Structures are given as structure tokens and as C-alpha cells.
Amino acid sequence: MTLRLFNTLSGQLDPLAPSDGNVLRMYACGPTVYDYAHIGNFRTFLQIDVLRRFLRLTGIEVKHVMNVTDVDDRIIRNAAEAGVPIGAYTAEYERAFFEDLDWLHVERPEQVARATENIPRMVELIQKLEEKGAAYRTEDGSWYFRLAAFPAYGKLSKKDLSGMEDGARVDVDEYEKDSARDFALWKAAKPGETSWETLIGRGRPGWHIECSAMAMTYLGESFDLHAGGEDLMFPHHENEIAQSETATGKQFARHWMHVRFLLVDGRKMSKSEGNFYTLRDLLLKGYKASAIRLALISVPYGRQLNFTFDGLTEATNGIERLRTFRARLTEGAFAAGENPQLREMAQTAQQNFRAALADDLNTAGARAPVFDLVRSANTAIDQGQFLAGDRDAILAVLKDFDSVFDVIEDHDAEPTRLALEWAEQTGRMANVAPELLARQSITDEQVEALVAERAQAKKQRNFARADAIRNELTQKGILIEDSKDGVRWKRK
RNA sequence: GCACCGGUGGCGAAGUGGCUAACGCGCGGGUCUGCAAAACCUGUAUUCGCGGGUUCAAUUCCCGCCCGGUGCUCCA
């Protein structure tokens with residue numbers, strides 16, 4: 001089943017497959033590590049994770065390169081304010097970034113490329129551009145890309161810049177550029193700033209050249225897919241195309257995927273607006289990593305997602321339904337035999353699940369057949385028509401689902417625990433929700449003991465005592481379920 | 001201003017030129033239960049922003065309008 005993915009460049013759904021028939025080579029713009037990433041950032045990384053996982057589900061191997069921008073104006077400024085070298089400053093946020101990805105179960109890229117470790121590649125690329133007459137040096141030692149050297153500029157974002165006259169609304173004199181729209185490739189060193197001594201002078205790379213150089217270094221001059229947030233389409237990705245294609249004369253990325261923005265309560269969220277939540281903020285409010293993951297991927301990548309706390313609660317409850325169902329399947333005792341109807345339903349669900357994802361990663365559509373199957377199977381169980389031989393077919397569908405969504409398998413305790421640890425270390429305990437602390441205040445062993453005591457009380461028909469224990473547990477976020485197969489408990 | 005995207009039940013959201021408009025969450029009723037929980041059954045949009053057009057037939061195509069969002073500048 002070939003994935004058809006919207007291609008910003010062609011403006012249509014294009015099949016996505018490895019051009020070498022072997023490994024799909026993709027580049028995705030990663031973080032600038034100058035602060036904790038916010039959930040808007042993670043929406044993008046999560047959707048790219050969905051892409052990766054679906055490709056692998058369909059048998060396609062992926063080589064995914066992600067850059068880490070560890071030098072730029074904000075980093076230099078913040079590090080200077082903190083009075084530390086930029087390397088020390090960025091290390092903390094890079095570590096936190098990958099920790100966050102782990103908590104969200106975002107798969108690591110095959111290759112992480114740091115800007116500061118690839119300076120020579122960038123310098124080479126700028127030299128190549130100079131040879132082609134597409135790069136020039138200004139008096140202060142900075143280098144710029146000559147936009148006039150790339151007539152196709154604007155083909156990605158569908159902008160026609162030909163009608164824009166220099167000097168009309170833009171100050172041409174600034175930075176001594178030939179044209180106001182020429183963009184920086186290399187920024188000359190300023191006193192006291194981090195810089196590199198290179199063949200093109202002392203300075204540091206511009207943002208756009210980083211991605212071009214690193215993408216081509218690790219993936220070759222032409223590769224299959226380039227992904228990123230919608231805001232990067234212009235100018236960042238447009239500039240990458242201009243630089244790369246001018247240098248090589250070849251098509252840069254064949255396919256471009258842009259993840260639409262996340263809004264918070266209907267408003268755009270960004271660091272500059274200051275209205276953002278980090279993953280850690282949400283964990284300390286008591287939301288589970290899985291719920292955050294599901295909430296951020298359930299709306300397909302091509303649509304804006306309006307983030308709300310109600311949405312997180314909804315995701316939490318949906319996940320509970322799936323987990324409860326799977327526990328019912330794995331723990332329940334069923335009569336021997338097989339129910340052909342269920343087998344067929346499982347097959348249909350699996351097909352529809354994959355078909356929805358193959359259709360431009362329609363995650364919302366992909367959930368439906370799985371939930372349909374859950375209801376059908378639950379009904380069968382209630383009616384005693386579910387047989388032992390049906391279990392594997394149904395579990396296989398859940399496995400498929402989780403190979404992409406990855407929320408049924410419960411990994412939630414660890415991120416919450418680590419976030420609390422982090423809060424303690426960094427003096428953020430005031431941000432922790434009281435309910436979360438209440439939940440953390442009881443150990444599994446203590447719960448087990450109370451559950452056993454309650455069972456005993458029930459046996460003696462001492463319902464008052466049993467209910468008192470249940471209330472006590474409920475207050476600590478422990479939910480009790482009595483079933484034929486025994487007592488089950490879980491943390492809210 | 002220009003460009004792009006969206007407006008589907010209480011909320012989120014899928015989808016289609018014509019069968020009963022998915023799915024999830026929530027809410028009401030019921031079954032089960034000592035009571036709950038879970039699960040199931042059932043009810044929750046005579047209707048898909050508004051107006052017009054095309055068509056035998058439009059939520060789905062076209063035009064206009066209104067509303068929301070985003071991009072055009074650093075930003076996932």
C-alpha cells in the first residue's frame with residue numbers, strides 16, 4: 001500500500017516511495033536549542049514520527065536526518081546573558097529536547113546533525129555558490145545569496161517575487177546587499193561572538209545554509225522528502241532550494257511535507273508570543289504523555305489543530321478505552337474455537353486503518369476502524385461469542401495501531417516521574433498539580449494491600465468497609481474495577 | 001491589501017454528487033453489579049456557516065457573502 005502524501009512542491013497528492021527503491025531518504029528541520037521546546041514544536045515532530053512509523057509499517061526503510069541548530073542569534077544572545085559559552089548553553093536544551101522526544105515516544109532520527117559540527121560543509125557550499133556567481137561577499141565580511149541567480153525562486157511557496165521592486169518598501173542599503181531580498185549565507189564575526197575561522201573568513205553560518213549543507217552531506221544532492229513546520233516553507237525552505245539547486249544543478253528534495261500549526265484556544269502559539277506550553281508544563285499538570293501524544297496526532301498533519309485541555313482529557317479517556325479493552329483480551333478466559341465473523345472484522349479493520357493512513361496520513365480516519373473493532377469485539381465478549389482463537393487476530397490490529405499511534409502500551413509512569421524529578425531539581429514544584437501529587441503519594445504495593453483488604457471485606461459482605469477503601473483509593477486517583485476475572489485497578 | 005486553509009451534532013473530527021452523514025469524548029435512558037467501575041444496548045445533526053447557481057439529485061461542484069485561522073518578517 002503506497003502512501004500518497006500531499007507534496008507542497010507539486011501542489012497535489014504524490015506517491016511517496018524511495019527513489020532508489022531501497023531506503024527512503026528524508027530530512028526534517030529540527031529544533032533551535034535555545035529554550036525548552038513547546039507542544040507546537042512537538043506536533044510537528046510527532047506528525048513526522050507518524051510518517052516514519054507508517055512507512056516502516058508498510059515495509060519501507062527510512063533514513064531520517066534531523067538537524068539541531070546550535071548556533072544562531074538567539075543562542076548567542078541568551079548564552080551571553082547567561083555568561084556561558086554557547087556549547088554549554090545549548091547542551092542543556094538539546095538534552096531536554098531529546099528527553100522530551102523520548103517521553104512522547106517519538107522515534108529518534110537515524111542521523112542527528114549539529115550545525116556547529118558541520119561548518120566545513122557549509123563553507124564548501126558557499127564557495128561553490130561563489131564559483132557559480134550566486135554568492136558574494138560584502139564589505140563587513142558577510143556572504144549573501146544572489147537571488148537573481150535562481151529564477152525558479154518561489155516555486156515551493158508559490159510566490160511570484162518578480163513584481164517586487166527593490167527599494168520600494170525595503171531598505172536596500174542595509175547590510176550593503178545587492179538586492180534587498182538576497183539572504184545571508186554567512187554572517188561576519190562580531191566582537192565577542194562565537195565564530196569560526198574559515199576559508200571564506202571569520203564568522204558563522206546563516207540558518208538556511210545549515211540545512212542545505214547537512215541534508216546533502218547525509219542524504220546526497222537529491223533525496224526523497226523534506227519535512228518541517230508550515231512556517232518554514234517561506235523563506236527557509238525556499239532558500240534551501242535556491243542554494244542547493246543552484247550549487248548542484250539538480251533537484252534538491254522531490255517531495256515536501258509541511259505540518260500545519262497548532263493553535264492554543266484558537267490563537268497561534270509561538271515562543272515570541274509567549275503563550276506556549278512545554279511538554280513538562282502539561283506533565284506537571286497531571287496529563288499523561290500518551291494523552292498528549294494522541295491529542296497532537298489525532299488531527300491530520302495537514303490541518304490546523306486547536307489545542308485545548310478538553311482535547312487532552314478526551315484523548316486520555318480514549319486511550320483508557322483501548323487499554324481496558326486490550327487488558328480484557330489478554331486477561332480474559334475464552335472458550336476454545338474461532339468466530340469467523342470476528343476474524344473478518346479484524347481484517348477489514350486492519351485494511352481500513354492502513355488505507356486511511358495511506359491517504360495523506362489521515363490519522364483521524366485511521367482511528368475509526370480500530371474503535372469500531374473494539375466495540376464489535378466487546379459486544380462479542382459480552383455475549384459469550386468471543387472465542388480463544390479470535391484473540392490473536394484482534395491483538396494484531398491493536399499492534400498495527402500502536403506501531404503508529406503508540407499509546408495503548410502504557411509507558412506513562414516514567415515521563416511523569418522524570419518530570420517531577422526535574423521540577424524538584426529546578427525549583428518548579430509550585431507548578432505541580434495537587435492531584436498529581438496525591439496520585440504519587442501511594443505506591444503500587446500500598447494499593448495492592450488495600451485492594452486485597454477490600455476484597456476480603458467484600459467476601460464478608462462488609463460493604464461499608466469495602467466502599468470506604470474504594471473511596472480512599474479514588475481520592476488518590478486509583479480506579480477499581482471488579483470483574484469476573486478478578487479485581488483490576490489503574491491509576492487515573 | 002494579497003495568498004492559502006477551514007466553518008459538519010454539546011465538543012473534537014472523518015467523509016461523500018444519490019444507500020440509515022464515520023469514529024472519539026460528553027450527556028440522558030436501560031442491561032449487568034451489593035453499590036460502583038468496565039462493557040454492552042439505546043437516544044442524542046430531518047442535517048453539514050449564509051445566499052444563489054449547475055444537476056434528475058449537493059453537505060459534497062461553481063459564484064458571492066459572512067466568520068475563524070495562517071502566511072507575506074524570526075518562528076515547528
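Below, read A as the first sequence line, B as the second, and so on, with proteins coming before strands; counting in each chain starts at 1. Just so it is clear, the structure is predicted and the values come from calculations on it, not from any experiment. Only this structure's heavy atoms are used, side chains among them; waters, hydrogens and symmetry mates stay out.
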Inset, instruction - Would you mind pulling out the nucleotide paired to B/U46, Watson-Crick or G-U wobble, both distances under 3.5 Å? - result: none

Legend entry - side-chain N/O A/Asn362 vs B/G15 OP1/OP2, d < 4.0 Å: yes

Legend entry - A/Arg321 side chain near B/C40 phosphate (N/O to OP1/OP2, under 4.0 Å): yes

Legend entry - Given B/G69, B/A38, B/C72, the nucleotide with the shortest approach to the side chain of A/Thr324: B/A38

Inset, instruction - Determine the contact category for A/Gly311: base if any of its heavy atoms lies under 4.0 Å from a base atom, sugar-phosphate if only primed atoms, P, OP1 or OP2 are that close, otherwise nothing. - result: nothing

Inset, instruction - Report the base-pairing partner of B/A3 (Watson-Crick or G-U wobble, both distances below 3.5 angstrom), or none. - result: B/U70

Legend entry - Touch class at under 4.0 angstrom, heavy-atom based, for A/Thr379 against every strand present: sugar-phosphate

Inset, instruction - Could you check how far CG of A/Asp359 sits from P of B/A22, rounded to whole Å? - result: 19 Å

Legend entry - Check: A/Arg323 side chain, A/Ile408 main-chain N or O, donor-acceptor pair, under 3.5 Å: yes

Legend entry - Rounded distance in Å between the C1' positions of B/C4 and B/C25: 31 Å

Legend entry - Nucleotide nearest A/Asp482 when distance is taken to its side chain, options B/U70, B/C35, B/C40: B/C35

Inset, instruction - Would you indicate, yes or no, if B/A3 has its OP1 or OP2 atom less than 4.0 angstrom from a side-chain nitrogen or oxygen of A/Ser157? - result: no

Legend entry - Atom pair distance, as rounded to whole Å: CG in A/Asp372 and P in B/G15: 15 Å

Inset, instruction - Select base, sugar-phosphate, or nothing to describe what A/Ile381 touches, counting heavy atoms under 4.0 Å on all strands. - result: nothing

Inset, instruction - Give a yes or no on whether a salt bridge exists between A/Lys492 and A/Glu435, defined as a side-chain N under 4.0 angstrom from a carboxylate O. - result: no

Inset, instruction - Give a yes or no on whether the backbone of A/Arg204 and the side-chain of A/Ser195 come within a donor-acceptor separation of less than 3.5 Å. - result: no

Legend entry - Under 4.0 angstrom between A/Asn306 side-chain N/O and B/G12 OP1 or OP2: no

Legend entry - Under 3.5 Å: donor-acceptor pair, side chain of A/Arg293, backbone of A/Leu104: yes

Inset, instruction - Assign A/Gln383 to base, sugar-phosphate, or nothing according to its heavy-atom contacts below 4.0 angstrom with the strands shown. - result: nothing

Legend entry - Between B/A36 (C1') and A/Leu473 (CG): distance, integer Å: 13 Å

Legend entry - Residues A/Lys187, A/Glu193: salt bridge by 4.0 Å N-O rule: no

Inset, instruction - Using the P atom as the reference point in each nucleotide, state the distance between B/U42 and B/G9 in Å, no decimals. - result: 23 Å

Inset, instruction - Report yes or no: is there a donor-acceptor pair, N or O only, under 3.5 Å between the side chain of A/Arg260 and the base of B/C5? - result: no

Inset, instruction - May I have the distance from A/Phe309 (atom CZ) to B/G12 (atom P), rounded to whole angstrom? - result: 16 Å

Inset, instruction - Choose from B/U73, B/G34, B/A37 the nucleotide whose nearest atom is closest to any side-chain atom of A/Pro235. - result: B/U73

Legend entry - A/Arg367 (side chain) and B/A14 (base): donor-acceptor pair under 3.5 Å: no

Inset, instruction - Using a cut-off of strictly less than 4.0 Å, decide whether A/Arg303 has a side-chain nitrogen or oxygen near OP1 or OP2 of B/U70. - result: no

Legend entry - Which nucleotide in B/C25, B/G71, B/G34 has an atom nearest any side-chain atom of A/Phe261: B/G71

Legend entry - Counter-base of B/A14, judged by Watson-Crick or G-U geometry with both distances under 3.5 Å: none

Legend entry - Closest to side chain of A/Asp231, choosing from B/U73, B/G26, B/A76: B/A76

Inset, instruction - Using a 4.0 Å heavy-atom cut-off across all strands, classify A/Val299 as base, sugar-phosphate, or nothing. - result: sugar-phosphate

Legend entry - Nucleotide paired to B/U60 in any strand shown, Watson-Crick or G-U, under 3.5 Å: none

Inset, instruction - For B/G17 and B/A13, measure between their C1' atoms and round to the nearest Å. - result: 22 Å

Inset, instruction - Indicate, yes or no, whether a donor-acceptor pair under 3.5 Å links the base of B/G34 to the side chain of A/Asp467. - result: yes

Inset, instruction - Return yes if the base of B/G24 and the side-chain atoms of A/Glu314 contain a donor-acceptor N/O pair under 3.5 Å, otherwise no. - result: yes

